[in-house]
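Working notes, beginning with the structure itself.
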Amino acid sequence: MIWQLDLLILSLIVLCALATISVKDLFSAAIIFGAYSFLMCLLWTEMGAVDVAFTEASVGAGVSTVLFVAAVFRTTRKVKDRGVKRYWTKGVGLLAATSVGGVLIAAVGDFPGFADPLSPASTHLSPYFITNTLTDTAVPNIVTSVLADYRGYDTMFETAVIFAAGLAVIAILRRSKTGVQHESREKVILSEGYEDTIIRLVARKMVPFMQLFALYVLAHGHHSPGGGFQGGVILGASFILIAISYDMKMLLGRMSEKWNVLLGNIGVLVYAGIGFVCLLLGANFLDYSILHRILPATDEIMARSHGMLGIETGVAIAVSAIVVSLYVNIASQGKHDKGL
Amino acid sequence: MIASEQAVALMVVLPLLSALVINMAGWFDRRLCFPIALFALLGSCCSAFITVSRVIKSGVIHYRLGGWAPPMGIEYVVDHLNALVLVIIFVVSLLALLFSYKSIQVELPEKILQFYTLYLLLVAGLAGMTITGDAFNLYVLMEISALTSYALIALGDKRALVASFNYIILGTIGASLYLLGVGHLYIMTGSLNMADLQTILPALLDARAIAVAFVLVMGGVWVKMAFFPMHGWLPNAYSYAPSSTSCLVAPLMTKVSVYIMIRMMFSVFNPNYIFVYLDWGRLVVPLATVAIIFGSISALAQKDLRKMLTYIIVAEVGYMVGGAWLANVTGLTGAIYHILADAMMTLCLFMVVGAIIYKLKDSSMDSMEFIFRRMPVTSVVFVIGAFAMIGIPPTCGFFSKWYLISGAIETSQWHYIFALLFSSLVNAFVFFRLFEIGFFGKKPADGHDHHAPEIAVSEAPVTMLVPMVLTALSLIAIGIYTNEIVTVLITKTLPVGL
Amino acid sequence: MEYILAKYNYWIYILLMMIGLYAMIAKNNLVKKVIGMSIFQTAIIVFYVSIGAKRGASIPIIAHGHGHDVIATAVSAAEYANPLPHVLMLTAIVVSVGTLGVALAVCLAIYRRYNSLEEDEILEQLR
Amino acid sequence: MHPPFPTATPLLAICSSLVAVPLIALSGKKPNLREFWTLLAGAIKFCLVISMAGWILAGNTHTFELWQFLPGLSIKLTVDGFGMLFALVASSLWILTSVYSIGYMRGLNEHAQTRYFCFFALSLSATIGVAFSGNLLTLYLFYELLSLSTYPLVTHHQDTEARGGGRKYLAYLLSTSIGLALPAMLVTYSLAGTLDFNVLGIFPEATAKSTLLVLLVMFIYGFAKAGVMPFHSWLPGAMVAPTPVSALLHAVAVVKVGVFSIGRILTGIFGINLLAAQNLNTVVCVIAGFTVIVSSLIALSQDNLKRRLAFSTVGQLSYIILGIGLASILGVQGGMLHIAMHAFGKITLFFCAGAIFVATGKKYISEMVGIGRRMPYTMFAFFLGSLSVIGLPPAGGLISKFLMVRGALQADLWWVLVIYLVSSFLNAAYFLPIVYKAFFCSEEEALFEKKVDEAPMCCVLPLTITAGISIGLFFYPNLFYSLAQIAIAMP
């Protein structure tokens with residue numbers, strides 16, 4: 001860790017944060033927010049949190065930015081300045097921010113120094129995970145083993161959160177089917193104006209590699225940074241790329257709305273189902289070690305490893321499908337006619 | 001027996017799995033949604049009752065998820081307190097589900113599929129929040145219940161979107177503050193397991209960061225439960241939501257948050273720290289007093305039935321927070337008992353209003369006119385629910401007030417007693433005004449022996465009446481069995497050192 | 001001075017948090033509020049990840065550890081960064097993108113109905 | 001020797017009219033069947049109550065714990081002398097009032113008669129429940145039930161006036177019971193650890209006098225049904241109710257429940273020894289004495305007969321509280337006895353007012369000149385009733401007033417004696433002119449357009465009976481008197 005670099009990135013982050021909330025153009029704000037996320041990603045790599053950085057790169061900088069851009073594109077770029085009338089709200093905001101800030105500052109004095117190897121956080125639970133991950137689960141990536149096994153229950157609900165979000169967006173935005181058909185018949189090719197052969201060609205060539213890489217990230221998550229989330233988001237991003245470079249009809253032709261939601265559903269179901277199978281086999285919920293009874297040629301430790309791969313696959317399916325669904329609905333305001 | 005041991009896990013897993021199954025089956029046939037949801041919640045309900053009986057018989061149950069021992073892994077901890085809350089969650093959600101069967105067909109015919117899926121996810125989230133013994137896991141589940149409730153509320157009428165947006169912003173602030181508080185606990189102790197935290201924390205009494213962690217956790221939970229002055233999001237969100245959503249969300253969300261507050265106060269921190277070392281009861285109880293009085297006065301000013309009920313909820317949250325912070329056994333007993341009582345009362349009244357909306361498409365006070373003749377069963381249920389809110393014996397509302405006031409007398413918090421009595425009186429006023437409209441009509445009759453206009457009986461459908469009547473009966477039953485509930489469940493959970 | 005420098009990560013996260021909170025409450029534009037919300041959430045992630053940092057430690061992936069047959073080499077806890085906050089924050093990131101999606105969806109739905117993203121204009125229409 | 005006491009009798013006595021409620025509601029289409037249920041329930045209730053009287057008169061008490069609500073606190077029914085006295089009065093008068101109601105309601109062809117009889121039965125259950133309450137919680141429960149079940153009776157006419165009266169009624173009763181009685185009860189519970197009635201008082205000896213004083217005042221004003229000023233004004237307001245309601249509820253059930261509750265608290269929670277020892281009886285006497293004098297003065301100026309009766313009731317209720325508040329044995333006995341004496345006298349007066357209204361439609365005293373010639377039975381009964389209320393021979397009221405006066409002497413409170421005498425004089429001043437005008441003034445034909453005769457048989461019969469009982473109690477007061485003696489017999 002190089003603290004000068006650290007400090008530099010942190011100050012850039014603060015600058016970006018200030019810029020993104022103060023620019024008057026929402027599109028710029030979205031882009032600056034993307035930059036902010038990338039800087040975050042750098043910061044975390046620099047602090048050794050590679051998995052977090054990977055996720056932030058794909059989810060925060062990637063999907064979030066796309067969603068922001070899509071939303072801004074669908075609404076308006078302009079922010080009206082009404083500074084004069086809103087003293088009261090600004091006062092409340094300042095008061096809340098300073099009071100929360102003050103309370104937080106009061107706590108910092110008691111914290112152990114930054115990156116102190118003797119801090120409670122580094123000495124209480126984490127040594128167990130670090131020293132036992134191989135003996136318990138045979139997974140060298142400690143983050144993966146903690147994520148998918150020691151705290152697999154968290155992760156299951158995290159997947160459920162994503163699924164719920166996808167469903168929520170559909171519930172809020174999606175319009176009735178008849179309306180959709182009606183409108184899409186009128187406007188057949190909506191992204192005509194954006195047609196660009198080079199982009200389309202490059203995008204088309206990139207998609208298979210992206211998907212391959214996504215599968216690699218997923219499969220190799222046990223040994224290197226990555227896993228279900230990152231893989232799933234990249235997989236989803238490849239579909240979004242199609243939608244952006246071509247149009248939404250092409251995407252929906254390959255992956256209909258119904259399949260989209262069903263896949264998201266199946267992904268979570270794979271996760272919860274594996275947990276439930278453990279329960280049916282007589283162990284506790286999500287206790288993969290029992291799976292050695294039904295998996296050929298595995299002992300209890302490898303069963304955990306395989307179980308994790310199984311649920312990571314579920315996560316990847318769910319996340320990729322839901323990311324696409326989020327994009328499709330937000331970019332088209334729920335009408336499924338055109339994208340960006 | 002395995003089935004009874006796994007019942008603990010099934011409570012949360014069943015709604016989650018069935019939500020997924022509903023979503024799949026629903027794409028093929030929408031009529032499948034309701035029965036699947038019904039069976040899942042029935043199963044969860046049974047599991048909850050099995051678990052309660054196990055807890056009563058053999059004490060606290062620990063369930064290791066993934067087979068990992070805490071504090072490494074996540075565990076479920078079911079003691080007498082959250083067993084009670086779990087039963088409340090599943091009973092309320094089952095009754096509200098039954099109630100929603102008809103109303104959802106009218107209010108959201110196109111979104112049935114999403115509604116039921118989100119509904120069950122919400123129930124799973126609430127149950128998970130209640131049952132978990134891990135502070136971070138609680139955050140994840142808090143978010144799932146929040147996210148689903150944002151969506152369910154946004155499905156309401158045209159003002160619901162803005163209400164839902166405000167709820168998203170404030171709900172996120174609340175959840176984030178909670179997460180930050182857990183972060184502070186983590187940086188100071190290195191642990192996330194509640195039981196583990198409780199053993200470590202006494203050694204860190206003097207650290208200011210622990211006090212900050214406590215403030216953040218409480219602040220987060222207070223935003224979530226709409227404790228004054230963080231209540232701003234609640235009235236609009238609950239009153240513009242579809243009636244079947246508010247029947248689920250209004251009774252449960254605030255109550256589960258109150259439960260979490262109690263859990264954090266006494267199972268992570270300890271009474272000695274909060275009431276002796278920090279001594280913040282003196283600050284919070286007056287705030288609760290203000291919450292009660294504010295909620296009551298606002299309720300008085302409302303013209304819309306649901307708005308009025310939501311402000312009553314704000315006041316009731318004040319009851320429970322105040323009771324929990326009275327720093328004595330009686331007050332805490334009252335607060336816990338009131339979780340149960342208020343969940344059922346709120347459910348009862350929201351279902352009544354839901355039935356009125358279903359029949360008359362209106363939730364203003366004027367819609368109550370001649371309701372006693374138009375919907376006799378509904379109005380009897382309404383009367384019982386209102387009596388419970390006012391606190392007339394033998395309904396459960398009386399006994400929770402009894403405990404809360406007794407607790408306040410023990411610590412001489414006279415302002416809190418005044419607030420409780422004041423809100424009872426305001427409730428009495430508010431509800432009797434409605435009774436009068438419902439019984440005699442808006443305008444007084446003239447002449448001596450007039451006969452009121454002929455109004456045909458047009459009662460809500462059976463699927464609405466059954467849960468309503470059951471809830472109303474439960475209000476009385478809970479009141480009658482107060483002693484049993486308190487001695488069998490509540491007194492067992494009271495923390496040592498109070 | 002040392003006090004400030006030794007904990008600069010924590011100071012920065014508080015600053016970010018205040019920026020986010022201010023934007024959530026004081027900004028008039030709904031999308032700006034959502035951006036504030038995202039900043040607020042990332043601030044917490046900064047906090048957690050900072051907890052996980054450990055001087056002189058490498059990334060939390062055990063080197064040369066393929067399969068449990070080769071675990072004869074004892075793993076020293078001091079060599080690897082604390083993985084737990086990383087796991088927690090993976091979850092938090094995913095949760096925040098979920099919240100973001102729903103919030104943007106609500107923004108879009110509001111825009112569709114009120115044709116505005118400015119809070120005061122919407123409130124005026126509601127009146 | 002009496003046979004062993006059937007445990008559940010008090011419960012059955014409470015429930016008999018409760019069971020009648022659905023039966024009455026279901027037979028709304030058939031008036032005769034409906035009224036049969038009402039009368040049957042009344043008869044059963046009266047028989048059940050009277051069946052316990054022998055056992056009580058033998059000096060026993062009976063306690064029956066029904067349900068434990070809170071740890072150490074239960075729904076508990078106790079039958080003792082005081083409760084028995086009140087239950088006898090209420091249940092016997094219910095039968096008469098039911099007969100009278102039938103005549104009155106049918107005579108005027110009132111609307112919503114089924115609702116009326118339902119809530120009537122319900123409120124009687126609550127009244128008997130109060131009489132047999134074994135602790136303050138049970139008493140409070142039935143007290144609230146009574147407030148709520150009488151609300152539809154008060155607002156029976158549903159017009160502006162009735163609704164206003166009903167609002168006032170509930171506002172006074174609920175706000176005082178929730179705002180004063182409930183917290184006082186809770187403080188008592190936290191001080192004493194119990195709420196069971198005990199003639200020795202339940203407060204620990206160390207309780208500060210100031211606390212006791214505050215609690216005493218809260219209790220007296222908290223049970224606003226007793227009509228102690230300034231919480232009395234619901235009572236004249238509630239006179240908008242149909243006359244049988246006024247008669248039973250405002251001469252017997254509602255107001256007497258208030259007085260009974262205060263009596264219970266003075267004798268069973270504080271205990272008269274404590275009251276006398278701490279000199280708290282003076283406080284009670286001042287509060288009640290003030291009400292007695294002021295309400296009598298107000299009654300003088302009322303022209304509406306029912307309003308005059310209402311203010312008279314306010315005064316007489318405080319009489320009883322004054323008697324019990326003397327905290328001397330004789331005073332308490334007199335107060336308890338006056339519950340019965342006043343009930344029979346006052347209900348006669350209300351019945352008469354109702355009968356006049358049914359027969360002539362007149363409400364104001366100034367319009368009743370010479371009415372005695374037209375309705376001789378009614379007005380003679382009125383005369384007898386007013387004798388009882390004033391306390392003149394040969395009516396029962398004399399005995400209770402005499403006892404109370406002796407109680408004042410026993411308690412060494414001379415000024416209370418003055419209150420008794422002045423108010424008796426005032427009573428005479430507002431009742432006797434009515435009787436005088438009715439019989440001895442020349443009949444002014446203009447006041448009665450058509451031929452006026454007696455009210456229907458159903459109306460006249462009950463009032464004759466109650467008037468007879470009022471007189472009879474002068475000669476045979478033994479039943480009630482010995483109950484009162486048992487009630488305050490110190491162990």
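Below, chains carry the letters A, B, ... as their sequence lines are ordered, and counting in each starts from 1. Predicted model, so just to flag it, every value in this text is computed and none were measured.
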What heavy-atom pair brings [X] and [Y] nearest, and what distance separates the two atoms?
X	Y	answer
B/Met188	A/Pro120	O-CG, 3.2 Å
A/Phe111	B/Ala209	CE2-CB, 3.9 Å
B/Arg208	A/Ala106	NH1-O, 3.1 Å
A/Asn284	B/Gly67	CB-N, 4.4 Å
B/Ala151	A/Ile172	CA-CD1, 4.1 Å
A/Arg151	B/Met72	CG-O, 4.4 Å

Quick check for you: among [options], which has the greatest number of heavy-atom pairs under 4.5 Å with chain A?
options	answer
B/Val21, B/Leu118, B/Ile173, B/Leu180	B/Leu118
B/Leu121, B/Val13, B/Leu147, B/Leu155	B/Val13
B/Ala211, B/Pro71, B/Ala154, B/Ala9	B/Pro71
B/Thr132, B/Val140, B/Thr117, B/Val12	B/Val140
B/Asp196, B/Val215, B/Leu152, B/Asp206	B/Asp196
B/Leu113, B/Leu216, B/Asp134, B/Thr148	B/Asp134

Would you give the length of the straight line joining atom [atom1] of [X] to atom [atom2] of [Y], rounded to the nearest 0.5 angstrom?
X	Y	atom1	atom2	value
A/Leu125	B/Leu192	CG	CG	7.0 Å
B/Met142	A/Phe157	CE	CZ	14.5 Å
B/Leu65	A/Asp287	CG	CG	9.5 Å

Heavy-atom side-chain proximity of [X] to [Y] below 4.5 angstrom:
X	Y	result
A/Pro112	B/Ile187	yes
A/Leu167	B/Phe115	no
A/Ile170	B/Lys111	no

Ignoring hydrogens and angles, tell me if any N or O in the side chain of B/Tyr63 forms a donor-acceptor pair with the backbone of A/Phe285 under 3.5 Å.
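Yes, because the side chain of B/Tyr63 sits within donor-acceptor range (under 3.5 Å) of the backbone of A/Phe285.
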Side-chain donor or acceptor of A/Asn265 paired with backbone N/O of B/Leu20 under 3.5 Å:
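Flag set: sc A/Asn265 to bb B/Leu20 pair under 3.5 Å.
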Given heavy-atom pairs under 4.5 angstrom as the criterion, report whether the side chain, backbone, both or neither of A/Tyr128 touches chain B.
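The answer is the side chain of A/Tyr128.
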What part of A/Ala272 gets within 4.5 angstrom of chain B, counting heavy atoms only: side chain, backbone, both, or neither?
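Contact with chain B involves both backbone and side-chain atoms of A/Ala272.
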Aromatic rings A/Tyr150 and B/Trp68: how do their planes relate, parallel, tilted or perpendicular, breaks at 30° and 60°?
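The rings of A/Tyr150 and B/Trp68 sit tilted, inter-plane angle from 30° to 60°.
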Top contributor to chain B contacts, counting heavy-atom pairs under 4.5 Å, from A/Val169, A/Asp136, A/Val146, A/Ile290:
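Among the listed options, the one with the most contacts to chain B is A/Asp136.
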Which one of A/Ala168, A/Ala171, A/Gly264 has the most heavy-atom pairs closer than 4.5 Å to chain B?
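Heavy-atom pair counts peak at A/Ala171.
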Is there a side-chain contact (heavy atoms from CB on, under 4.5 Å) between B/Tyr186 and A/His124 once you walk through the steps?
CA-CA 10 Å; B/Tyr186 180 66; A/His124 183 50; over 6 Å; no
Which region of B/Leu16, side chain (C-beta onward) or backbone (N, CA, C, O), has a non-hydrogen atom less than 4.5 Å from a non-hydrogen atom of chain A, or is it both or neither?
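Contact with chain A involves the side chain of B/Leu16 alone.
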